[in-house]
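Below, each value reflects all heavy atoms present in this structure, side chains not excepted, and no hydrogens, waters or symmetry copies. Below, read A as the first sequence line, B as the second, and so on, with proteins coming before strands; counting in each chain starts at 1.
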2 protein chains.
Amino acid sequence: MADGAELRERIPHPPAEALDLATILRTLGDPLRLEIVRVLADGRPRICGELAELLGVPTSTGSYHLRLLREAGITRTRVRGTSREISLRRDDLDARFPGLLDALTRS
Amino acid sequence: MADGAELRERIPHPPAEALDLATILRTLGDPLRLEIVRVLADGRPRICGELAELLGVPTSTGSYHLRLLREAGITRTRVRGTSREISLRRDDLDARFPGLLDALTRS
DNA sequence: CCCTTATTTCAATAACTTTGGAAATATCGC
DNA sequence: GCGATATTTCCAAAGTTATTGAAATAAGGG
């Protein structure tokens with residue numbers, strides 16, 4: 001690690017008020033990312049490698065898509081040991097865009 | 001007009017069964033196109049030039065975005081005189097993805 | 001500490017998207 | 001047909017996004 005920055009790594013998430021509908025739609029408008037959201041829709045968090053394997057992509061590709069989902073405010077990422085636990089930000093999304101997630105994950 | 005193809009010009013629209021959610025989301029994930037959909041959400045059709053002017057873009061740019069909306073199955077385009085009348089495909093969208101349009105145009 | 005495991009970042013590349021001026025096409029009314 | 005009006009298509013430039021191997025970083029456990 002680079003000299004000096006010894007604080008525990010914090011993963012940045014946008015606050016709920018900052019969520020932008022066009023950004024969310026653009027982010028979900030990719031089959032891989034939409035599939036990730038559908039998998040997470042059951043409320044159970046998954047770890048990054050689990051999702052990459054499920055989608056059949058290298059972890060570097062998975063990590064890229066998970067970063068976009070997190071930056072758009074769609075998912076939340078928590079450090080747990082050497083893994084990251086990914087979950088849907090369902091309450092924030094439901095509060096900000098009622099009905100959207102339901103419409104996307106229905107059936 | 002090119003020699004021989006004298007039939008009345010028909011504008012292609014995808015059938016309702018062919019609508020794809022990821023394609024629709026990708027298409028709406030552009031601020032200009034999302035704005036067009038919000039304008040059309042009142043159910044009143046608009047002509048192309050009206051929309052381009054409203055958005056402050058050249059008609060060639062407007063025409064490009066309207067083509068993407070039409071090809072994604074989000075809007076319907078009808079020839080009316082020298083103009084094209086653009087409207088939302090609300091019934092098809094509501095039937096195929098219940099709640100989606102409502103969630104996008106609420107407020 | 002060092003090793004292992006999980007994940008991210010980097011860098012290069014390829015593929016796709018957006019923009020807008022100019023030219024082409026379509027339709028109408030005369 | 002012709003001219004006017006509305007829109008689309010073409011094209012090239014610019015911008016953005018996706019993909020992935022390799023290197024870097026992080027955390028945990030001996």
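Per the geometry, CG belonging to Leu34(B) stands 13 Å off P belonging to dT18(C), to the nearest Å. Between the CZ atom of Arg46(B) and the P atom of dA6(D) there is a distance of 17 Å, given to the nearest Å. The interatomic distance linking Leu32(A) (CG) with dT17(D) (C1') rounds to 13 Å, in whole Å. The nearest whole Å value for the distance from the CZ atom in Arg84(A) to the P atom in dA26(D) is 9 Å. Atom CZ of Arg67(A) is separated from atom C1' of dT16(D) by 13 Å (rounded to the nearest Å). Distance, Leu55(A) CG to dA18(D) P: 14 Å, rounded to whole Å. In this structure, the CD1 atom of Ile47(A) is 16 Å from the P atom of dA27(D), given to the nearest Å. dA6(C) atom P lies 19 Å from atom CZ of Arg78(A), rounded to whole Å.
Toward the 5' end of DNA chain C, the nearer of the two residues His65(B) and Gly49(A), judged by each one's closest nucleotide, is Gly49(A). Closest-nucleotide positions on DNA chain D for Arg80(A) and Thr61(A) were compared, and the one nearer the 5' end corresponds to Thr61(A). Residue Tyr64(A) is the one, among Gly81(A) and Tyr64(A), whose nearest nucleotide of DNA chain D lies closer to the 5' end (criterion: closest heavy atom).
Taking the charged nitrogens against the carboxylate oxygens, Asp94(A) and Arg89(A) have no contact shorter than 4.0 Å, which rules out a salt bridge. Between Asp42(B) and Arg46(B) there is a salt bridge, with a side-chain nitrogen of the basic residue lying less than 4.0 Å from a carboxylate oxygen of the acidic one.
Residue-level contact check: Arg70(A) touches neither bases nor backbone, having no heavy atom under 4.0 Å from any strand. Backbone-only engagement by Ser83(B) is indicated by non-hydrogen atom pairs under 4.0 Å involving sugar-phosphate atoms exclusively. Among the atoms of the strands shown, none is found under 4.0 Å from any heavy atom of Leu66(B).
Considering only side-chain atoms of Leu68(B), the nucleotide from dT17(C), dT18(C), dA27(D) that sits closest is dT18(C). The side chain of Cys48(A) has dT7(C) as its nearest neighbour among dT7(C), dG20(C), dT18(C). Nearest nucleotide to the side chain of Arg26(A), out of dT8(C), dT17(D), dT8(D): dT17(D).
Note on Arg33(B): a side-chain N or O is less than 4.0 Å away from OP1 or OP2 of dT18(C). Thr82(A) has no side-chain polar atom (N or O) that falls below the 4.0 Å cut-off from OP1 or OP2 of dA6(C). Regarding contacts with the backbone of dT20(D), every side-chain N or O of Ser60(A) stays at 4.0 angstrom or more from both OP1 and OP2. Side-chain N/O atoms of Ser63(B) include none lying less than 4.0 angstrom from OP1 or OP2 on dT7(D).
Put simply, the residue from Asp30(A), Leu69(A), Leu28(A) that forms a side chain to side chain contact (heavy atoms under 4.5 Å, CB included) with Ile36(A) is Leu69(A).
A distance-only check finds no donor-acceptor pair linking the side chain of Thr61(A) to the backbone of Val57(A) [under 3.5 Å]. The backbone N or O of Leu19(A) lies less than 3.5 Å from a partner atom in the side chain of Arg96(A), making a donor-acceptor pair.
Within 6.0 Å of the CZ atom in Arg106(B), the count of heavy atoms belonging to other residues, nucleotides or ligands exceeds 12.
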